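Everything on this sheet refers to the single structure shown next.
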Number of protein chains: 2
Amino acid sequence: MRASDEADTAIPISAVERETGLSKDTLRMWERRYGFPAPGRDPFGDRLYPRPQVDKLRLIRRLMDQGFRPGRIIGESYQTLVALAGTRPAQQAPEAQEQDAVRELLALVKAHRVAELQAALQQCIQDQGLRRFVLDLASPLAHAVGEAWFHGELAVFEEHLFTEVVQNLLRKWIGEARNASGQRPPRILLTTFPNELHALGLLMAEALMTMDGAECLSFGLQLPVADIIQAALAHRVDVVTVALSPAYPRTATNEGLSELRGALPAAIEVWAGGGGVMRLKRVPEGVVVVSALADVSAAIRHWRQQPGRAGAGPA
Amino acid sequence: MRASDEADTAIPISAVERETGLSKDTLRMWERRYGFPAPGRDPFGDRLYPRPQVDKLRLIRRLMDQGFRPGRIIGESYQTLVALAGTRPAQQAPEAQEQDAVRELLALVKAHRVAELQAALQQCIQDQGLRRFVLDLASPLAHAVGEAWFHGELAVFEEHLFTEVVQNLLRKWIGEARNASGQRPPRILLTTFPNELHALGLLMAEALMTMDGAECLSFGLQLPVADIIQAALAHRVDVVTVALSPAYPRTATNEGLSELRGALPAAIEVWAGGGGVMRLKRVPEGVVVVSALADVSAAIRHWRQQPGRAGAGPA
DNA sequence: GTCAACGCCGTGTCCTGGACAAAATGCGAG
DNA sequence: CTCGCATTTTGTCCAGGACACGGCGTTGAC
């Protein structure tokens with residue numbers, strides 16, 4: 001069964017492209033330049049990648065999202081790379097109290113206790129309200145899940161399921177909050193750029209904005225810049241908010257924000273939030289950075305305090 | 001401004017790949033073989049596709065989904081192709097009644113009347129119940145929106161907003177239905193393959209399954225095959241359901257389904273649904289095709305009638 | 001006459017190897 | 001220490017060739 005063993009773990013280039021997110025061109029280029037990956041060949045000369053190489057490729061891909069460059073790390077052993085992934089930025093010292101709750105919930109995610117996870121989160125919302133839930137629990141938990149996934153402690157499917165559960169809760173309670181509170185300006189458009197898939201950040205922002213009485217219009221994920229502009233004009237919004245995850249390429253971020261700012265009338269503000277903006281050295285002129293979810297309220301308050309804007313009445 | 005006009009409508013090959021779903025290789029091959037598309041070149045020799053050619057490519061892609069072969073239609077004029085696309089398979093003669101409702105709602109989408117659209121849909125769910133809402137209204141409406149977008153009558157952002165509104169409603173009412181009805185087997189895993197983004201189909205299936213008392217575990221979009229397998233085993237599901245949109249590449253569909261079926265134990269059924277499966281001439285052995293949303297109930301009933309399966313008790 | 005097997009054609013993906021733009025980095029000057 | 005410029009790094013694009021795979025029509029056998 002030796003041969004079948006090899007066949008089982010032999011992966012064609014198209015599948016590797018799907019699994020790693022690295023284009024066929026890039027895979028072939030790395031092979032040419034760095035000598036890795038070094039796939040075998042099937043009888044027709046097509047590349048066949050062994051499973052371990054694909055694993056290493058995936059790891060490299062992850063490290064690149066953290067800022068490493070391929071040429072620097074591609075020669076290192078798998079072990080070294082894993083160790084490299086383990087060194088955390090260690091920028092925040094979270095408070096012990098909430099950290100406990102987060103750890104507990106993270107354990108539920110790992111143990112596949114979906115129903116319990118859902119119930120616990122639901123309970124939290126009812127106890128603390130949507131705002132505190134998002135700020136104190138959902139946001140740190142989402143970070144923790146991301147970290148755990150990155151360190152291989154959490155499978156992809158567990159992260160997907162977590163996202164789905166939180167998404168359901170957030171959408172439900174945003175609906176409630178919208179009905180409960182009187183909507184008033186600003187009217188805010190929310191979305192992300194194409195290829196930007198982090199749904200939770202967007203929903204959490206929407207939740208907080210809705211709690212502050214703003215009128216949110218979420219267009220979901222991946223709205224091309226040209227369409228954001230059309231939508232902002234058609235729906236006469238006051239603010240366009242774009243959520244950016246850390247993994248989103250910096251150049252695309254800057255390009256998109258510049259284009260947005262340039263094409264929209266000055267009366268419409270452009271807000272950028274999420275982990276992706278903190279990495280930027282400079283944001284385009286006239287774009288407001290909302291660096292953390294906790295700053296959303298302040299941003300809205302600030303908008304309302306600008307002269308010529310009725311805080312309560314309709315436009 | 002002539003030059004800038006050209007620059008505005010000049011589209012690089014990577015963007016065309018994204019917009020049409022045709023791979024770069026295929027685009028270059030068609031150019032070599034059929035003489036179409038015939039893109040211009042930028043100063044560096046890179047292809048620049050004029051907007052009209054991209055529109056025609058998208059149309060061709062769409063016609064291929066209906067069964068046409070590229071070599072046969074690629075030489076026809078844009079007009080001819082539009083006419084060809086206009087002739088619908090005419091397999092269903094929709095009832096005038098519901099067709100009216102759909103048209104009315106479509107008008108709301110086009111007019112940006114979000115609040116009214118939301119209210120109208122909400123009303124429908126409450127009047128007719130979730131099942132009828134999905135089958136009679138949401139599904140045809142989603143198709144109508146897709147059609148309208150395809151024919152350029154609807155902007156991308158309008159489609160996004162529509163998706164978001166329906167998604168909110170469906171998630172909310174799925175939650176209600178889950179709480180209301182006693183959950184019993186089968187336990188069903190739902191997801192889509194990577195790069196498959198049609199969220200509504202998945203949610204509509206989940207809604208119907210939940211209404212039938214099944215226990216749904218949705219993992220959201222884009223779960224890689226390897227992770228689907230892990231998830232199915234970890235959560236001990238009875239059925240794995242994969243939603244496939246018509247735009248999803250055929251080869252990838254077949255590959256993914258085969259891999260799933262092969263890796264999962266025989267006791268776990270694999271169901272494939274959505275517009276993507278109807279285009280397939282043959283599905284891999286052992287995969288159950290649920291060709292339309294209306295067939296979901298029958299599929300579940302059939303599963304429960306198999307010998308050795310307690311319809312009510314826990315496994 | 002019916003059905004199966006075979007072979008052709010249309011089609012998409014993969015290959016090699018070369019070129020170059022754009023981003024990231026590092027160096028030096030102010 | 002900061003800014004600007006040169007250099008390296010990196011990914012995408014190009015051309016043209018090859019070939020596997022699936023559908024369809026034709027042929028041959030029963």
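To find a chain, count down the sequence lines: A is the first, B the second, and so on, and within it residues start at 1. Note that this is a predicted model, so its numbers are computed, not measured.
- Counting to the nearest Å, the P atom of C:dT13 and the CG atom of B:Leu27 are 10 Å from each other.
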Requested in this report: Going 5' to 3' through nucleotides 12-18 of chain D, assign each nucleotide B (protein heavy atom under 4.0 Å from a base atom), S (under 4.0 Å only from sugar-phosphate atoms) or - (no protein heavy atom that close).
Outcome: BBSSBBB
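- Residues passing the side chain to side chain contact (heavy atoms under 4.5 Å, CB included) test with B:Pro50 are B:Pro52, B:Gln53, sequence neighbours excluded.
- Taking atom CZ of residue B:Arg72 and atom C1' of nucleotide C:dG10, one finds them 10 Å apart after rounding to whole Å.
- Under 4.0 angstrom from either OP1 or OP2 of C:dT11 there lies at least one side-chain N or O belonging to B:Tyr34.
- B:Ile73 places its CD1 atom 10 Å from the P atom of C:dT11, with the value rounded to the nearest Å.
- Taking the side chain to side chain contact (heavy atoms under 4.5 Å, CB included) definition, one finds that B:Ala272 meets it with B:Leu244, B:Leu257, B:Val277, B:Val287, sequence neighbours left out.
- Taking atom CZ of residue A:Phe36 and atom P of nucleotide D:dT10, one finds them 15 Å apart after rounding to whole Å.
- Every residue meeting the ring pair (Phe, Tyr, Trp, His ring centres under 6.0 Å) condition with A:Phe219, not counting sequence neighbours, appears here in chain and number order: A:His235.
- Side-chain N/O atoms of B:Trp30 include none lying less than 4.0 angstrom from OP1 or OP2 on C:dT11.
- Under a cut-off of 6.0 angstrom, the local environment of CZ in A:Arg72 is sparse, with at most 12 non-hydrogen atoms contributed by other residues, nucleotides or ligands.
- Spacing between atom CZ of A:Phe68 and atom P of D:dT9 amounts to 18 Å, rounded to whole angstrom units.
- Phosphate contact (OP1/OP2 of D:dG23, side-chain N/O of B:Arg69, threshold under 4.0 Å): absent.
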Taking only distance into account, with no hydrogens and no angle test, what donor-acceptor pairs under 3.5 Å do side-chain atoms of residues 24-32 of chain B form with protein atoms, sequence neighbours excluded?
residue : atom : partner : partner atom : Å
B:Lys24 : NZ   : B:Glu17 : OE1          : 2.6
B:Thr26 : OG1  : B:Ser23 : OG           : 3.0
B:Glu31 : OE1  : B:Arg47 : NE           : 2.7

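- Atom-to-atom, CD1 of B:Ile60 to C1' of C:dG10 comes out at 16 Å; the value is rounded to the nearest Å.
- Partners of B:Pro265 by side chain to side chain contact (heavy atoms under 4.5 Å, CB included), not counting sequence neighbours, listed by chain and number: B:Leu233, B:Ile268.
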